[in-house]
Amino acid sequence: MEVYIHHLIIHELVKEVDDSEASLFLSDALAPNDERAQLLVQKLHDTFVSKTEVLQGFLSSPEDALFPGYFQHLQDQGLTQESFISFTRETMAALQLAIQGVVGAKGGYLVYADYKIFEARTLGIFLVRDTEGVVFSKSESGTTFNLDATTYLNTDRLAMACRIHFSKAKNGTERCVELIKHAKSQKEISEYFINWIGLERHETSKELTHTFLEMVSQLPLPVDEESGETVKEGEFREAVVKFAMNSPDKTIDLKKFDERFYEGDAKTENFLQENELQLDQQFHFDGNLMRKFNNYRVYAEGITLNFARNHYQNRKVEIEGDAVIIRSEKLVQKLMAMMEDSY
């Protein structure tokens, strides 16, 4: 799905790792909305949604931080070109204040993109940096190639980034901010970015996925539309993982989940209310944790075993005392053929 750009502007935060002071280079006009802009925003969006560790939370009150106040004013002004430019310049000044004195933090280019994808209008803020690379060029004789050094924008590795969903922010009842979570070793360095955005009441994508899977494990098994029979647990789990992996932007929509498995009956909403659990209507899920919902992998004594829950329930994989028994005629055939061909 391609992005549709409403507004795009790029500023620069100038700061070296060992310096405590920062300066700004601010654009005074939007970037041209052409094919290169489309390619840039699409790449940044795709890189962001591919991330596993994402913090999801709310914007703090405008009284508690500068950024939320500027963002509220942007929405109140109707997302015009003038209000967007003003918002980005004001928040860049706030970022300069937030990063002052943070030794170890490095500057870069701040790409502000107001764009739409899957009918959802989003503000993306991406901190990207230059990187060194090599390109081929023909020699003067035209008989060979030279290796030339070049500098290009590294869009595959986001230094810092966040997305704010306009409709969720206006609604105020769901987590509207997604922010890339970095390693604990970078906590102090990335903390300034969290404080600048004004992120609060946040949970990780792993925590939200855990809540979702805990709920799914306790929901009643759905009924197969064609046979009218209850779906087996292993088949249900496999279908849930497939549903998640095919969801746009690695985002699970609980309403669509109910439509897919319960013919629109609000099973998830009722369960969350009855068990006093909080989970947004839409949330960015953790792919690694999701895959483990139906697939198991164990390693011991140089042996690796991968199998699905169905295999265990159908007794293709079984535990008897201190032995693991695998019942698979095809696996036996392949193993025997491999042993015959071995030296």
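Each residue takes its place number in the sequence, starting with 1. Model, not experiment: these values are computed from the prediction.
Scored by the side-chain hydrogen bond (donor to acceptor under 3.5 Å, both in side chains) test, Asn275 finds no partners at all (sequence neighbours excluded). Looking at residues two or more places apart in sequence or on another chain, you find no salt bridge (charged side-chain N to carboxylate O under 4.0 Å, His left out) involving Lys168. Every residue was checked against the side-chain hydrogen bond (donor to acceptor under 3.5 Å, both in side chains) condition with Arg201, not counting sequence neighbours, and none meets it. For Asp253, there are no salt bridge (charged side-chain N to carboxylate O under 4.0 Å, His left out) partners, not counting sequence neighbours. Here Glu318 pairs with Arg315, Arg327 under the salt bridge (charged side-chain N to carboxylate O under 4.0 Å, His left out) rule; sequence neighbours left out.
Two residues are said to be in side-chain contact when any heavy atoms from C-beta on lie closer than 4.5 Å; Glu178 and Cys162 fail this criterion. Met92 places a side-chain heavy atom less than 4.5 Å from the side chain of Leu26. Phe257 is listed as a side-chain neighbour of Val240, based on a closest heavy-atom distance under 4.5 Å. In this structure the side chain of Ile125 reaches within 4.5 angstrom of the side chain of Leu123, judged on heavy atoms. Within the 4.5 Å cutoff, no side-chain heavy atoms of Leu127 are placed close to those of Leu158. Residues Val3 and Lys116 fail the side-chain proximity criterion, which asks for heavy atoms closer than 4.5 Å. At least one side-chain heavy atom of Gln81 sits under 4.5 Å from a side-chain heavy atom of Leu30. Contact annotation: the side chain of His210 never approaches that of Asp286 to less than 4.5 Å [non-hydrogen atoms, C-beta and beyond].
Side-chain contact annotation: Gln72 with Asp76, donor-acceptor N/O pair under 3.5 Å present. A donor-acceptor contact closer than 3.5 angstrom links the side chains of Asp114 and His7. Between the side chains of Ser50 and Thr47, no donor N or O sits under 3.5 Å from an acceptor N or O.
Residues Leu221 and Val216 share a single hydrophobic cluster, defined by chaining ILVMFWY side chains whose heavy atoms lie under 4.5 Å apart. In the hydrophobic clustering of ILVMFWY residues, with side-chain heavy atoms under 4.5 Å counting as a link, Leu279 and Leu219 come out together. Residues Phe58 and Phe166 fall into different hydrophobic clusters, defined by Ile, Leu, Val, Met, Phe, Trp and Tyr side chains chained together at heavy-atom separations under 4.5 Å.
With Phe212 as the fixed residue, the ring pair (Phe, Tyr, Trp, His ring centres under 6.0 Å) test singles out one of Phe271, Phe283, Phe293: Phe283. For the pairing with His45, the ring pair (Phe, Tyr, Trp, His ring centres under 6.0 Å) check across Tyr115, Phe126, Phe118 returns one residue only, Tyr115.
Within the model, atoms CZ of Arg297 and OG1 of Thr304 stand 5.0 Å from one another, a figure rounded to the nearest 0.5 Å. Here the CG atom belonging to Leu179 is positioned 6.5 Å from the CZ atom belonging to Phe48, to the nearest 0.5 angstrom. Between Leu44 atom CG and Gln42 atom CD the span is 10.0 Å, to the nearest 0.5 Å. Atom NZ of Lys51 sits about 12.0 Å away from atom CG of Asp46, to the nearest 0.5 Å. Remark: Gln75 CD to Phe87 CZ distance equals 9.5 Å, nearest 0.5 Å. In this structure, Leu66 CG and Ile197 CD1 are separated by 11.5 Å, a value rounded to the nearest 0.5 Å.
The pair Arg175-Glu203 meets the salt-bridge criterion, since a charged nitrogen lies less than 4.0 angstrom from a carboxylate oxygen. With respect to the salt-bridge test (charged N to carboxylate O, under 4.0 angstrom), the residues Lys242 and Glu238 do not qualify.
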- [ ] Mind running side-chain contact (heavy atoms from CB on, under 4.5 Å) on Tyr109 and Leu13 for me, showing each step along the way?
- [x] CA-CA 6 Å; Tyr109 302 101; Leu13 174 68; over 6 Å; no

- [ ] Take Asp258 and Asp265 through the test side-chain contact (heavy atoms from CB on, under 4.5 Å) and record every step on the way to the result.
- [x] CA-CA 6 Å; Asp258 285 334; Asp265 189 9; over 6 Å; no

Open item on the list: Between His73 and Phe71, is the ring pair (Phe, Tyr, Trp, His ring centres under 6.0 Å) condition met? List the steps.
Closed with: CA-CA 5 Å; His73 184 68; Phe71 182 79; over 10 Å; no

TODO: Step by step, work out the side-chain contact (heavy atoms from CB on, under 4.5 Å) result for Ile180 and Glu53.
DONE: CA-CA 6 Å; Ile180 291 178; Glu53 285 296 317; over 6 Å; no

TODO: For Gln77 and Leu74, run side-chain contact (heavy atoms from CB on, under 4.5 Å): C-alpha distance rounded to whole Å, both residues' side-chain angles, the deciding distance at 0.1 Å, then the answer.
DONE: CA-CA 5 Å; Gln77 293 295 310; Leu74 171 65; 5.8 Å; no

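The backbone N or O of Lys250 sits nowhere less than 3.5 Å from a side-chain atom of Ser247 that would complete a donor-acceptor pair. At least one donor-acceptor pair under 3.5 Å links the side chain of Gln96 to the backbone N or O of Ala22. A donor-acceptor pair is defined here as one N or O able to donate and one able to accept, closer than 3.5 Å; no such pair exists between the side chain of Ser217 and the backbone of Met215.
Note: Trp196 and Phe67 have perpendicular aromatic rings, judged against thresholds of 30 and 60 degrees for the angle between ring planes.
Contacts classified as side chain to side chain donor-acceptor pair (under 3.5 Å) and involving residues 61-71 (residues at least two apart or in different chains) are given here: Ser61-Glu63.
Remark: Glu35 CD is loosely packed, at most 12 non-hydrogen atoms of other residues, nucleotides or ligands lying under 6.0 Å away.
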